[in-house]
2 protein chains.
Amino acid sequence: MNTKNADTRQETAVQATGNADASGIAALMQALADVNRLRILNLLLQEKELCVCDIERVLAVPQTRVSRHLTILRNSGWVAARREGRWMHYRLTDDSPLQRELTHGFRKQWRAVPEFMQDIARLQQPTIVCCDPLSENHP
Amino acid sequence: MNTKNADTRQETAVQATGNADASGIAALMQALADVNRLRILNLLLQEKELCVCDIERVLAVPQTRVSRHLTILRNSGWVAARREGRWMHYRLTDDSPLQRELTHGFRKQWRAVPEFMQDIARLQQPTIVCCDPLSENHP
DNA sequence: TTCATATATTCGCATAGACGAATATATGGT
DNA sequence: ACCATATATTCGTCTATGCGAATATATGAA
């Protein structure tokens with residue numbers, strides 16, 4: 001099977017049901033119940049796509065941790081991954097209406113959170129982004 | 001100290017900071033990562049105030065469990081309690097802007113969740129509510 | 001004071017989740 | 001084929017969380 005350049009999205013109960021039941025929603029929230037994952041989502045709210053090494057550098061967190069939490073976010077339907085050469089590019093996937101509500105709220109409210117704003121600031125230092133110099137679609 | 005009729009709100013890190021930091025937000029989400037607690041919040045989105053025995057009956061869940069999860073919701077700043085005689089009346093407390101965003105979204109999106117709608121339906125059977133026949137402020 | 005009711009807490013147990021270190025896998029370059 | 005880089009997974013361990021049963025506490029009534 002050809003794995004390179006495949007768009008990866010994990011098969012889970014959450015995905016299958018479109019989060020439309022109570023335990024699906026609980027699982028969706030559970031995925032948000034960790035600072036590492038919130039910080040990752042915060043970055044992806046700003047930059048459409050990021051590879052693991054970027055996240056690792058911006059958050060100053062060991063690679064294993066970033067990867068682990070990205071897997072959790074993927075399994076819970078919060079992000080999807082796209083391989084490009086050696087790099088995996090992660091992006092937000094707010095597919096369900098509930099998720100869109102939530103991300104919309106986060107975009108607005110997380111601007112008041114210093115830690116998140118600092119992460120964004122570090123993200124925007126151009127030297128820190130390794131493999132994603134073009135922010136998805138620049139006109 | 002006089003405990004009867006005191007309005008109870010737990011002192012926690014979350015409360016203290018107004019959830020305005022990343023780990024406070026994670027704690028807020030963590031409180032939502034359980035079906036029991038989601039169902040309780042769902043009821044409180046509909047009925048302004050409910051006592052434990054009402055919740056117990058509507059959700060058909062043992063008392064210990066309801067009480068435990070109400071405590072967790074209280075400690076995380078999602079509900080507050082008011083004693084009235086033998087009963088504790090719980091109500092939603094979406095104090096922070098983030099919480100208001102979230103509850104607003106839930107009010108809208110949870111209508112699509114069958115389990116939640118069924119709970120509301122059972123809540124509205126008049127025989128099932130024991131000690132709160134007046135829904136807070138009826139004109 | 002004694003009893004019944006409403007709610008909260010403790011206890012022991014079982015499962016889930018987070019961590020770093022080490023290791024495995026996948027890709028591209030040489 | 002071999003190596004370097006990017007990412008994922010496994011392993012052992014530790015802590016957190018959920019559960020029901022039992023118990024404790026608080027209030028009001030008799």
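No experiment lies behind these values; they were computed from the predicted model shown. Heavy-atom basis, side chains included; hydrogens, waters and symmetry copies ignored.
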Value in whole Å for how far the [atom2] atom of [N] lies from [atom1] of [X]:
{"X": "B/Met88", "N": "D/dT27", "atom1": "CE", "atom2": "P", "value": "10 Å"}
{"X": "B/Leu73", "N": "D/dT17", "atom1": "CG", "atom2": "C1'", "value": "14 Å"}
{"X": "A/Met29", "N": "C/dG17", "atom1": "CE", "atom2": "C1'", "value": "19 Å"}
{"X": "B/Leu50", "N": "C/dA6", "atom1": "CG", "atom2": "P", "value": "15 Å"}
{"X": "A/Ile72", "N": "D/dT7", "atom1": "CD1", "atom2": "C1'", "value": "15 Å"}
{"X": "A/Asn75", "N": "D/dA8", "atom1": "CG", "atom2": "C1'", "value": "12 Å"}
{"X": "B/His89", "N": "C/dA6", "atom1": "NE2", "atom2": "C1'", "value": "11 Å"}
{"X": "B/Arg37", "N": "D/dC19", "atom1": "CZ", "atom2": "P", "value": "8 Å"}

Pick base, sugar-phosphate or nothing for B/Gln30, based on heavy-atom distances below 4.0 Å to the nucleic acid. sugar-phosphate

Just call it for B/Arg65: base, sugar-phosphate, or nothing, with non-hydrogen atoms closer than 4.0 Å on any strand. sugar-phosphate

5'-most contact on DNA chain C: A/Arg86 or A/Pro62, nearest heavy atom basis?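 Whichever sits nearer the 5' end wins; that is A/Pro62.
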
Salt bridge or not between B/Arg100 and B/Asp94? Use side-chain N to carboxylate O under 4.0 Å. no

Look at B/Arg82 together with B/Glu49 and state whether they make a salt bridge at an N to O cut-off of under 4.0 Å. yes

Would you say [N] has OP1 or OP2 under 4.0 Å from some side-chain N or O of [X]?
{"X": "A/Thr64", "N": "C/dC19", "value": "no"}
{"X": "B/Tyr90", "N": "C/dA6", "value": "no"}
{"X": "A/His69", "N": "C/dC19", "value": "yes"}

Pair B/Val113, B/Phe106 - check side chain to side chain contact (heavy atoms under 4.5 Å, CB included), show working. CA-CA 10 Å; B/Val113 180; B/Phe106 294 157; over 6 Å; no

Out of D/dT7, D/dT9, C/dT27, which has the shortest distance to the side chain of A/Cys53? D/dT7

Using only heavy-atom distances, decide whether a donor-acceptor pair under 3.5 angstrom links the side-chain of A/Gln63 to the base of D/dA8.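 Indeed there is one.
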
Of all heavy-atom pairs linking B/Gly105 and A/Glu101, the shortest is CA-OE1, 3.5 Å

Given DNA chain D, 5'-ward residue of the pair A/Leu70 and B/Arg68, judged by closest heavy atom: A/Leu70

Using the rule that Ile, Leu, Val, Met, Phe, Trp and Tyr join whenever any side-chain heavy atoms are under 4.5 Å apart, tell me whether A/Ile72 and A/Ile40 fall into a single cluster.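 No; tracing contacts between hydrophobic side chains, which count when under 4.5 Å, never links both residues.
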
